[in-house]
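Beneath this line is the structure, given in structure tokens, with notes to follow.
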Protein chains: 2
Amino acid sequence: MLTHAAEDYLKSIYKLQEEGGKVSTGILAAYLNVKPASATGMIKKLKTMNLVSHERYRGVTLTDAGKAIALEIIRHHRLLELYLVKALGVPWDGVHDEAEKLEHVISEDMEARMDEFLGYPTADPHGAPIPDKNGVVAQTEHIPMTALQNGQSCLVAEVNDADPALLRHLGSLNLYPGTAFRVKEVAPFDGPFTIDIAGKQVVIGREAAKHIFVDNVQDTETE
Amino acid sequence: MLTHAAEDYLKSIYKLQEEGGKVSTGILAAYLNVKPASATGMIKKLKTMNLVSHERYRGVTLTDAGKAIALEIIRHHRLLELYLVKALGVPWDGVHDEAEKLEHVISEDMEARMDEFLGYPTADPHGAPIPDKNGVVAQTEHIPMTALQNGQSCLVAEVNDADPALLRHLGSLNLYPGTAFRVKEVAPFDGPFTIDIAGKQVVIGREAAKHIFVDNVQDTETE
DNA sequence: AAATTAATTTAGGCATACCTAAATTATACA
DNA sequence: TGTATAATTTAGGTATGCCTAAATTAATTT
């Protein structure tokens, strides 16, 4: 069995690979709040286990075996987040940290039981896809909110789960995945967004908007 | 924060203190499947943290602070066991190992939410008392089944949770805490027990009986 | 009381996973 | 192309928690 740290490295490499592309030692170290030298050491170890490919100075890539483990951990994490919200009523800004600890520890049996309890869900409370038990991730098209134009309407698809304070803020505005809103005004020079949501008018700062992703974007009349 | 290993030591010292009395380095090491030298090392560390008292060659005792932590971990473990049975339908012979891993990892918030979900229970699925959130353990009088005489009836109070195979066996006989039975015959020379349980007649081997504890013992007519 | 046996502790080592500091390699620019 | 800068790796050190083997202390037996 792998150590928790090794699992965290694999998970992080997967995520960085998804969004960025090339995963350098430095990027990985920064992402994990660890010094580059420490990342070098772990990469070496993972390489001997055939979980990553690595060429000096050229970055890491997951092997199929490494990717399978990364997806398994991500599946645990996201199932746990949803389970904590649905079964125990934990607020959505609290589930990330709890799941971060539990994901390394639960058995396959518990994973299966939570999956069944939740009705085989495909997204966690923040809208991130839950890989199925074979590691298949439903492909989704999420557009950054910052790309929206005046007058466009859409559905919240996903929000970044890392910052609890941001999540509390978004929760207070009801910006949960699945919620519809319409862009009323985008202030110039990278200013804030004014949106219509559930009949109310709300201002979303640029920084917050960067952490929100949407889909079902449609052009509507600007009044 | 304490390491998982340190928590396991405190928990084990507490349990050995409960049943036995004096906890020697060797007993503790054997209980934890560790060499005596390793136990010596951890005891030293726990002593510097004022969690145990220790005199060379005279055994360990928990300080109040150490006892509080031990009870906290035991509370986690037993709440988790009951939660896994009630909320996720895990069979009672599977919950011990799962709880053993989770007990070190759950937050106080999760502990409180499980406690509420379960209705502030006082015993785990094996009948062991769950300390309350202040570390108070309800005192119970559990008599070993091996002390029962012909014709006595009683309620199952607690069974040893360590051996899954035994638990499966007891489960198949419906010997869960709370279940009533009556001793029909005790075979001489430390032989097996024949009991009446839910209308059926069942034979319980001596070894199994050692792991069963009862209460509400009453003398009934021997037919 | 001395000698044997058992329990405990000390000493020294290993693996994990982190760190800092120094050395190396690659890249960018003048 | 040579040199400065940035990224990466190597080298050596820390702490945890385990191990074995040797030394010490206590308890038991005769």
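Every chain is numbered from 1, with letters handed out A, B, ... down the list of sequences.
Atom CD1 in A/I27 sits about 8 Å away from atom P in D/dT8, given to the nearest Å. Between the P atom of D/dT16 and the CG atom of B/D8 lies a distance of 17 Å, rounded to the nearest Å. To the nearest angstrom, P of D/dT10 lies 11 Å from CD1 of A/I43. For the pair A/K22 NZ and D/dA7 P, the computed distance is 10 Å after rounding to whole Å. Between the CG atom of A/L28 and the P atom of D/dA7 there is a distance of 15 Å, rounded to whole Å. B/N33 places its CG atom 15 Å from the C1' atom of D/dG17, with the value rounded to the nearest Å. The interatomic distance linking A/L32 (CG) with D/dT8 (C1') rounds to 16 Å, in whole Å.
In this structure, A/T25 reaches the sugar-phosphate backbone alone: every heavy-atom distance under 4.0 Å involves primed, P, OP1 or OP2 atoms, never a base. When heavy atoms are screened at a 4.0 angstrom cut-off, A/A37 is found touching base atoms of the nucleic acid. Among the protein residues, A/T3 comes within range of the sugar-phosphate backbone only, with heavy atoms under 4.0 Å from sugar or phosphate atoms but none that close to a base.
The phosphate of C/dA15 (OP1 or OP2) has no side-chain N or O of A/K45 nearer than 4.0 angstrom. In this model, the phosphate group of C/dC18 is not approached by any side-chain N or O of A/S38 to a distance below 4.0 Å at OP1 or OP2.
For residues 47-62 of chain B, proximity to DNA chain C is found at B/H54, B/R56, B/Y57, defined as any non-hydrogen atom under 4.0 angstrom from a strand atom.
Listed by first and then second residue, the side chain to side chain donor-acceptor pair (under 3.5 Å) pairs that reach into residues 107-136 of chain A are A/R75-A/E111, A/R75-A/D115, A/H76-A/E108, A/H76-A/E111, A/E81-A/H126, A/S107-B/E98, A/D109-A/R113, sequence neighbours excluded.
Rounded to 10 degrees, the angle separating the terminal axes of the helix from C/dA1-D/dT30 to C/dA30-D/dT1 is 10°, with each axis obtained from five end pairs.
Judged by distance alone, the side chains of B/D161 and B/H96 do bring a donor and an acceptor atom under 3.5 Å apart.
Between B/H54 and the choices B/L46, B/V23, B/V60, B/T40, the side-chain contact (heavy atoms from CB on, under 4.5 Å) rule is met once, by B/V60.
Minimum atom distance to the side chain of A/K35 is reached by C/dT20, of the listed D/dT16, C/dT20, D/dT20. Picking from D/dT8, D/dG17, D/dC19 the nucleotide with the shortest atom distance to the side chain of B/M42 gives D/dG17. The side chain of B/V34 approaches D/dC19 more closely than any other nucleotide in the set D/dT10, C/dC19, D/dC19.
Comment: A/K11 engages A/E100 in a salt bridge, judged by a side-chain N to carboxylate O separation of less than 4.0 angstrom.
In the displayed structure, B/I27 atom CD1 is contacted under 6.0 Å by at most 12 heavy atoms of other residues, nucleotides or ligands. Other residues, nucleotides and ligands place more than 12 heavy atoms under 6.0 Å from the NZ atom of A/K101.
Distance alone, capped at 3.5 Å, is enough to place a donor-acceptor pair between the A/R206 side chain and the A/G191 backbone. A/S12 contributes no side-chain N or O that, together with a main-chain N or O of A/L32, makes up a donor-acceptor pair within less than 3.5 Å.
Taking the side chain as every heavy atom from C-beta outward, A/T63 and A/S53 approach each other to under 4.5 Å.
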Trace of the salt bridge (charged side-chain N to carboxylate O under 4.0 Å, His left out) decision for B/K210 with B/E207: CA-CA 5 Å; B/K210 284 183 185 167; B/E207 272 314 305; 2.9 Å; yes
